[in-house]
Protein chains: 2
Amino acid sequence: MTAAHVGERLLTPGEVAALFRVDPKTVTRWATAGRIGSIRTPGGHRRFRESEVKTLLAELTTEATKGDGPA
Amino acid sequence: MTAAHVGERLLTPGEVAALFRVDPKTVTRWATAGRIGSIRTPGGHRRFRESEVKTLLAELTTEATKGDGPA
DNA sequence: CATTATTAGGGTAATTCGGGTA
DNA sequence: ATTGTCCGAATTACCCTAATAA
């Protein structure tokens with residue numbers, strides 16, 4: 001299994017946006033920028049992995065002052 | 001054997017919908033639009049090939065390039 | 001044969017997409 | 001550089017009743 005774990009719970013852009021308190025458009029931009037993985041429906045709409053979203057949320061909570069930021 | 005998919009596991013619209021996190025009706029629309037192959041039961045209900053669905057999920061999946069570079 | 005869950009079919013809101021702009 | 005908003009177009013979600021599946 002390389003691509004997606006079949007059976008992983010997926011979230012809609014609106015749900016992810018609500019979790020991060022941002023506009024759904026912003027979540028779309030994150031996906032386009034490759035900052036978050038996304039699955040597209042045959043119709044072109046995006047779905048996000050709940051596990052990955054939770055990981056990102058946890059990183060926000062961490063907000064380490066270390067130099068882990070982008071180069 | 002000419003039939004290339006004899007014995008292929010079939011999924012119901014509800015199961016496919018759960019995998020993509022969409023409404024079962026949406027899966028039906030995909031079939032109607034020819035975006036996904038479907039088999040019809042004698043009663044008119046649709047069934048989908050598990051292998052095709054998995055392939056579709058994999059193709060439409062974008063890995064988030066997380067931890068890509070070997071440390 | 002009876003029961004319960006799912007699906008088909010149509011119609012109407014809500015969401016998302018994509019580009020461009022502030 | 002990142003986010004929010006406006007627009008039109010497309011996709012998806014939820015409403016219903018009847019039929020099929022198990």
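Treat the numbers as computed from the prediction; the structure is a model and nothing was measured. Every heavy atom of this structure was used, including side-chain atoms; hydrogens, water molecules and symmetry mates were not. So that the names make sense, note that chain A is the first sequence line, chain B the second, and so on, each numbered from 1.
Residue T12(B) has no polar side-chain atom (N or O) positioned under 4.0 Å from OP1 or OP2 of dT6(C). For the pair T26(A) and dG4(D), the criterion of a side-chain N or O lying under 4.0 Å from OP1 or OP2 is met. A close approach under 4.0 Å does not occur between any side-chain nitrogen or oxygen of W30(B) and OP1 or OP2 of dT11(D).
R35(B) has its CZ atom 11 Å from the C1' atom of dT12(D), to the nearest Å. For the pair F20(B) CZ and dT11(D) C1', the interatomic distance rounds to 14 Å; values are reported in whole Å. Put simply, CG on L11(A) is 12 Å from P on dT16(C), counting in whole angstrom units. For the pair L10(A) CG and dT16(C) C1', the computed distance is 16 Å after rounding to whole Å.
Only one option out of E15(A), E52(A), E50(A) pairs with R9(A) in a salt bridge (charged side-chain N to carboxylate O under 4.0 Å, His left out); it is E50(A).
Contact of R29(B) with dG9(C) (side chain to base): no donor-acceptor pair of N or O atoms is detected under 3.5 Å. The base of dG10(C) is paired with the side chain of K25(B) by a donor and an acceptor separated by under 3.5 Å.
Taking every heavy atom of residues 39-46 of chain B and every atom of DNA chain C, pairs under 4.0 Å involve R40(B), G44(B), H45(B), R46(B), by number.
In this structure, the side chain of R47(A) engages the main chain of R21(B) through a donor-acceptor pair within 3.5 Å. Under the 3.5 Å distance criterion, the side-chain polar atoms of T26(B) are left unmatched by any main-chain donor or acceptor of V22(B).
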**Request:** Verify side-chain contact (heavy atoms from CB on, under 4.5 Å) between V53(B) and F20(B), making sure each step is shown before the conclusion.
**Result:** CA-CA 9 Å; V53(B) 172; F20(B) 280 94; 4.0 Å; yes
**Message:** I39(B) vs R46(B), test: side-chain contact (heavy atoms from CB on, under 4.5 Å). Steps then yes/no.
**Reply:** CA-CA 5 Å; I39(B) 308 291; R46(B) 296 183 181 83; over 6 Å; no
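The two residues P13(B) and V27(B) make their nearest non-hydrogen contact at O-CG2, 3.9 Å. Shown here for G37(A) and F48(A), the closest heavy-atom pair between the two residues is O-CD2, 3.4 Å. Shown here for P42(A) and R35(B), the closest heavy-atom pair between the two residues is O-CD, 3.5 Å.
When each of dT12(D), dT16(C), dT2(D) is scored by its nearest atom to the side-chain atoms of V22(B), the top-ranked nucleotide is dT12(D). Of all nucleotides listed (dT2(D), dG4(D), dA13(D)), dA13(D) comes nearest to the side chain of D23(B).
The base-pairing partner of dA22(C), taking Watson-Crick or G-U wobble contacts with both distances under 3.5 Å, is dT3(D).
Fit an axis to the five pairs at each end of the helix from dT3(C)-dA22(D) to dG19(C)-dC6(D) and the two axes sit 60° apart, to the nearest 10 degrees.
If you take OG on S38(A) and CG on L11(A), they are separated by 12.5 Å, rounding to the nearest 0.5 Å.
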